[in-house]
Number of protein chains: 2
Amino acid sequence: MQTIHETSVPLPSAPSRHAAHCSTCALRHYCLPQGLSSEDVVRLQKVIVNARAIKRGETLFRVGDTFDTLYAIRSGSIKTVVSTSNGNGREQVMGLHLSGDALGLEGFDNGRHACHAIALEDSSVCLIPYVHFERSCRETGAIQRRLLQLMSREMVRKTAQTLMLGTLRADERVAALLLDLSGRLTRRGYAGNEFNLRLTRDDMGSFLGITLETVSRTLSRFQAKGLINTNGKLIRILDFDGLRAI
Amino acid sequence: MQTIHETSVPLPSAPSRHAAHCSTCALRHYCLPQGLSSEDVVRLQKVIVNARAIKRGETLFRVGDTFDTLYAIRSGSIKTVVSTSNGNGREQVMGLHLSGDALGLEGFDNGRHACHAIALEDSSVCLIPYVHFERSCRETGAIQRRLLQLMSREMVRKTAQTLMLGTLRADERVAALLLDLSGRLTRRGYAGNEFNLRLTRDDMGSFLGITLETVSRTLSRFQAKGLINTNGKLIRILDFDGLRAI
DNA sequence: CGGCAGATTGACTAACTTCAATCTTGGTGG
DNA sequence: CCACCAAGATTGAAGTTAGTCAATCTGCCG
């Protein structure tokens, strides 16, 4: 009954499945179970399928892939990318997802994924077959509520992103990205003032709606002002209030 | 008892199909019931509370309001507005919602609304108390699936908006707005080539991430090129392909 | 050690904003 | 019903920001 659709998941490389039943899966203790009772968590465990590893640069799913699996990042980081329907080839980095984040929720709409998900570093994700998950939602109100909350949160996040693109200037956008990332890392227990930015300048620019040159110039200017210390992808924030004040 | 198409294709079908029993609430025949069996629709009817009228310029809900009700627009149009958390007062029109659209789904996240909803003309909305609705979701898989799909669609829409703000130039944005509106009106059975834009130039600019002057200039340029005919808020599209080609 | 993708920096340019001056329209009170 | 007023729309000119093009520079990986 526990059919795993490995074949429907479009990874070119052989997926390495963990033997352990996802004992350290981020989904179980970060992403979904918040606010669930222990019985509910047990129930949820049953529908979570083993984690699976993807290497840097590999694709977890692509636009148009059948949506039959929810993903939660167990470790690493993943970017999502979409293209203009216009067909003129322009594409944009839409999201940067860290460990504990859910992935693929946009697929509900028409049963197919609406973006590409690409690993920014060697990562591992949990897979949750959607059919099993849906049943759990129906059986357990708390799980259902949690899913709705997750989707709603994703909408709020997207709203913030739209607001950024609609109202902020280039330097404000860069500052906002650094502060957002810092906060998310802190909440995950990592250092919030010094981190390794996995995105290239090109990716950052795409995400922020500016060119890679503007990103580079802005970071240099921040450094000159003593707000940050940057050496390629390694970034250290020296003056949080200064960044917020931009 | 009329059977509503159990279609797996999630595109909103023409509302004219349901126009026959379109007597009271848009939600009942447009927004939610797509893909539901007739028994499910009956079940859904029970939780829908009477419509409520709001006048032009009035606010349906505000940021911070307790989230306990879902809304669906029965007639009219409503804009949603958010402010930068930064507190520097900048705000942006985030969405333009027409009859049949759901509203307020962002409130799941933390139990409070994350935006203002303001009527652009005299409108009426359906109210669905959330507690009742949640129960329906649990009882009926189809209703649950429909809700998830609605939220997912909202995410896809937001993604498109973000993509627009991140990649398009001013004239492309204006063209995209006109075409999007035209398509949505057509799908609702209205004329898609001539419509009354309820947004002010300021609102349009805010939504598109450009200034009202740029909006005005762009519309004038479109008119000079013979793409549209504009007289204040009344807009007639003369050359769809020309607009798409921008 | 060499090749190459990514990053930085500079000079120039295009696009959009800002400021400002009318013009138009819709609503309201006399 | 009309005149008036205020809000919205249009258009012009000047100013800024960010984009484009191009030339290095850096560091990583085989």
Side-chain angles (χ1 to χ4, degrees), chain A residues 55-57 79 88-93 118 120-122 164-178 196-225 227-236 246, chain B residues 55-58 79 88-90 92-93 118-122 164-178 196-225 228-236 246:
Chain A
K55 288 227 171 72
R56 190 178 96 148
K79 70 173 174 181
N88 47 14
R90 271 178 288 188
E91 51 178 43
Q92 184 176 4
V93 174
I118 300 165
L120 291 167
E121 58 189 309
D122 294 357
M164 173 197 77
L165 291 174
T167 64
L168 301 189
R169 288 198 324 270
D171 51 352
E172 296 175 308
R173 297 184 196 191
V174 174
L177 173 60
L178 295 182
N196 207 318
L197 202 38
R198 305 288 174 173
L199 296 169
T200 66
R201 298 286 187 264
D202 202 3
D203 280 340
M204 289 176 70
S206 170
F207 180 74
L208 298 173
I210 56 184
T211 58
L212 68 97
E213 292 95 332
T214 300
V215 172
S216 184
R217 271 187 256 271
T218 304
L219 288 175
S220 298
R221 200 156 356 104
F222 283 178
Q223 173 146 3
K225 284 190 199 170
L227 298 173
I228 65 171
N229 211 313
T230 161
N231 185 10
K233 294 210 199 303
L234 188 70
I235 299 215
R236 188 174 348 166
I246 280 180
Chain B
K55 288 229 171 72
R56 191 177 93 150
E58 278 185 359
K79 70 173 174 180
N88 47 14
R90 272 178 287 188
Q92 184 175 3
V93 174
I118 300 165
L120 291 167
E121 58 189 309
D122 294 356
M164 173 197 76
L165 291 173
T167 64
L168 302 188
R169 287 196 324 270
D171 51 352
E172 297 175 308
R173 297 184 196 191
V174 175
L177 174 59
L178 295 181
N196 208 317
L197 202 38
R198 306 288 176 172
L199 296 169
T200 65
R201 298 286 186 264
D202 202 3
D203 281 340
M204 289 176 69
S206 169
F207 180 74
L208 298 173
I210 56 185
T211 58
L212 66 96
E213 290 96 332
T214 300
V215 173
S216 183
R217 274 186 254 271
T218 304
L219 288 175
S220 298
R221 202 158 352 106
F222 283 178
Q223 173 147 3
K225 284 191 199 169
I228 66 170
N229 210 314
T230 161
N231 185 11
K233 294 207 198 305
L234 188 70
I235 299 214
R236 187 174 348 164
I246 280 179

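All heavy atoms count here, side chains included; hydrogens, waters and symmetry mates do not. First the proteins, then the strands, lettered A, B, ... as listed; each starts at 1.
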Shortest non-hydrogen separation from A:M204 to A:L219 and the atoms involved: CE-CD1, 4.4 Å
Whole Å only: how far is the CG atom of B:L168 from the P atom of C:dC16? 11 Å
Comparing B:R56 and B:A170 on DNA chain C - which has the more 5′ nearest nucleotide: B:A170
Check every strand shown and say whether B:L212 touches a base, only sugar-phosphate, or nothing at a heavy-atom separation below 4.0 Å. base
To check you understand the geometry: which heavy-atom pair defines the closest contact between B:T214 and B:A170, and what is its length? CG2-CB, 3.7 Å
Any chance you could measure B:E121, atom CD, to B:N196, atom CG, to the nearest 0.5 Å? 8.0 Å
Give one of base, sugar-phosphate or nothing for A:R169, where a contact means two heavy atoms less than 4.0 Å apart. sugar-phosphate
Nucleotide C:dT17, atom P - distance to CG of B:D171 in whole Å: 12 Å
So which heavy atom on A:A176 is nearest to which on A:L168, and how close? CB-CD1, 4.3 Å
When rounded to the nearest 0.5 angstrom, what distance separates CD1 in A:I210 from CG in A:L165? 9.5 Å
May I have the distance from B:E213 (atom CD) to C:dT17 (atom P), rounded to whole angstrom? 8 Å
In whole angstrom, give the distance that lies between atom CG of A:N196 and atom P of D:dG27. 14 Å
Can you check whether A:T214 has a side-chain N or O nearer than 4.0 Å to OP1 or OP2 of D:dG19? yes
About how many Å separate OG of A:S220 and NZ of A:K225, when rounded to the nearest 0.5 Å? 12.5 Å
Tell me the bend of the helix from C:dC1-D:dG30 to C:dG30-D:dC1 as the angle between end helix axes, each from five pairs, rounded to the nearest 10 degrees. 40°
Can a donor-acceptor pair under 3.5 Å be found between the side-chain atoms of A:R221 and the base atoms of C:dT8? no
Could you tell me the separation between the CG atom of B:D171 and the CZ atom of B:R217, rounded to the nearest 0.5 Å? 13.5 Å
Respond yes when some side-chain nitrogen or oxygen of A:K233 is under 4.0 Å from OP1 or OP2 of C:dA7, and no when none is. yes
For DNA chain C, the residues among residues 198-211 of chain B that have a non-hydrogen atom under 4.0 Å from it: B:G209, B:I210, B:T211
If you check every side-chain atom of A:R217, which of D:dG12, C:dT9, D:dT10 has the closest atom? C:dT9
Where is the tightest heavy-atom contact between A:D122 and A:R56, given as atom of each residue plus distance? OD1-N, 2.8 Å
Can you see which heavy atom on A:R173 is nearest to which on A:L208, and at what distance? NH1-O, 2.7 Å
In whole angstrom, what separates A:I246's CD1 from D:dT17's P? 14 Å
Within the 4.5 Å heavy-atom criterion, are B:N229 and B:Q223 side-chain neighbours or not? yes
Whole-Å distance between D:dA18 C1' and A:L165 CG? 14 Å
Which one, D:dG27, D:dT11, C:dT25, comes nearest to the side chain of B:N231? C:dT25
Check the distance between C:dC16's C1' and B:E172's CD and give it to me in whole angstrom. 14 Å
